[in-house]
Amino acid sequence: MTILLINIKELLQVRDSSVSKVCGRDMAVLPSIKNAYLVIKDDLIADYGEMHNIPSLSVDSTIDVQGKIVLPTWCDSHTHIVYAGDRSQEFVDRINGLSYEEIASRGGGILNSAQKLNETTEDKIYEESKLRLEEIMRLGTGAVEIKSGYGLTVEGELKMLRIIKRLSKNYPISIKATFLGAHAFPLKYQNDHQGYIDLLIKEILPEIHRNKLADYIDVFCETGYFSVAETEQIIKAGAQFGLKAKIHVNQFNSIGGVQVGVYNHALSVDHLEMMQKEDIEILKNSITMPVALPSCSYFLSIPYTPARAMIDAGLPLALATDFNPGSTPSGNMNFVVATACIKMKMTPEEAINAATINGAYAMGLSASHGSITIGKKASLIITKPITSFYQLPYAFGSNLIETVLINGKIIS
């Protein structure tokens, strides 16, 4: 099946295959072609260029996108889409003055989600989760990472990972699975941290490896959750089973999580609302991608990741949703891009780079996603007729997406 897109107002994020991420000043550069064409062959990008250079082709379908902008689909590298029920009551509790930490200390938060998940059947959770996955696909996401972490038991964590695997099998969107058993300590292990860590390492990790249920391992490295030493113990154990690290760090406090991530060659360190100079310095020239989650900051009314300081220091930055029932009940990457511009003072070019090519890097998908590159997946956003791609973050409350293609096929 060959599809030809013609009269593209502007084709964004055109890159050579050698570019896997962009850093510092380069994040302000978003290569594009105006008045362009693009050829899709089966599920891949086969060719593109200026309209006056369009070759003679035999195609199955031609789509005229006059006045519309085409860009790669969003790459959302941090979500918790698989969960049971919701935590809307906690939303009201926060409005009434309780903090995220206070709610957690009363048995809410992650432990609340864990109880609901363990009480809900696997099929029911799958049905709830697939609706969320379908929603983000319609909103332009073409690759997504999904974490476990609401089981906090052997069966609960494996159940979540089985659901993620099932979603990956049944939907065209590229999905990466992350084992986040170290999301919080269950009540029975509050005074026996090592006992729970042993459960993760000795019982759950071998099962994950045996059944090929995860690509990465994650830890919530934070005061009141997992210490730096505990985090390092867990990610080193994951490495023994072939799971590279992606770590929650610096959401409420800077305690050394960024450093342990860099020292252990983590693929990404995520949240980063509370960054110190030493955190920024250690990330320089590392392979670890910093990931900001601005809609989490918006929802919890906590500080935003200091994007300007990080980019100006020469770092790369990715953007993701953190879609979860407690701190970010939204998987809308369009809102993330807009919020990064409005609240974090990122330019539209920087934000789109962060949500596409750098997001792909943060999932290990640089070879297949994140840019308009020959040989990459034909996962594309076609906007409605707009004057400029600046409208995407500017009109933050409007859906400016007309069509989404994932692997060369239109998503209805």
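Quick note: numbers below take in every heavy atom, side chains included, and nothing from hydrogens, waters or symmetry partners.
For the 3.5 Å distance criterion, the side chains of Gln276 and Ser254 fail to qualify, holding no donor opposite an acceptor. Under the 3.5 Å distance criterion, with hydrogens and angles disregarded, a donor-acceptor pair is assigned to the side chains of Asp16 and Ser18. The closest side-chain donor-acceptor pair between Glu349 and Asn353, if any, does not fall under 3.5 angstrom. When only modelled atom types and interatomic distance are considered, Glu273 and Thr305 share no side-chain donor-acceptor pair under 3.5 Å. In this model, a donor atom of one side chain and an acceptor atom of the other lie less than 3.5 Å apart for His78 and Asp270. Neither side chain, Ser77 nor Glu145, offers a donor N or O lying under 3.5 Å from an acceptor on the other. Side-chain atoms of Gln89 and Arg87 include no donor-acceptor pair closer than 3.5 Å. Side chains of Ser297 and Lys343: a donor-acceptor N/O pair is absent below 3.5 angstrom, by distance only.
In Asn170, the CG atom is crowded: over 12 heavy atoms of neighbouring residues, nucleotides or ligands sit closer than 6.0 Å. Around the OH atom of Tyr171, the shell of radius 6.0 Å holds more than 12 heavy atoms that belong to other residues, nucleotides or ligands.
In this structure, Arg132 forms a cation-pi arrangement with Tyr83, its terminal cationic atom sitting closer than 6.0 Å to the ring centre and no more than 45° off the ring axis. Annotation: cation-pi pair Lys21/Tyr361 present, NZ/CZ under 6.0 Å from the ring centroid and within 45° of its normal.
Of all heavy-atom pairs spanning Ile352 and Leu12, the tightest one is CD1-CD1, 4.4 Å. For the residue pair Ile247 and Cys221, the shortest heavy atom distance occurs at CG2-CB, 4.2 Å.
Aromatic ring centroids of Phe91 and Phe299 lie under 6.0 Å apart. Taking the six-membered ring for Trp and the full ring otherwise, Tyr225 and Phe220 have centroids separated by under 6.0 Å. Ring centers of His193 and Phe185: under 6.0 Å apart, within the cut-off.
In this structure, Lys202 does not pair ionically with Glu207, as no charged nitrogen and carboxylate oxygen lie closer than 4.0 Å.
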Exercise. Determine, stepwise, if the pair Lys376 / Ser368 fulfils side-chain hydrogen bond (donor to acceptor under 3.5 Å, both in side chains).
Key: CA-CA 4 Å; Lys376 285 194 176 185; Ser368 58; over 6 Å; no
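Put simply, the side chain of Asp47 does not reach to within 4.5 Å of the side chain of Leu38, judged on heavy atoms.
The backbone N or O of Asn332 lies less than 3.5 Å from a partner atom in the side chain of Ser330, making a donor-acceptor pair.
Note: His248 and His183 have tilted aromatic rings, judged against thresholds of 30 and 60 degrees for the angle between ring planes.
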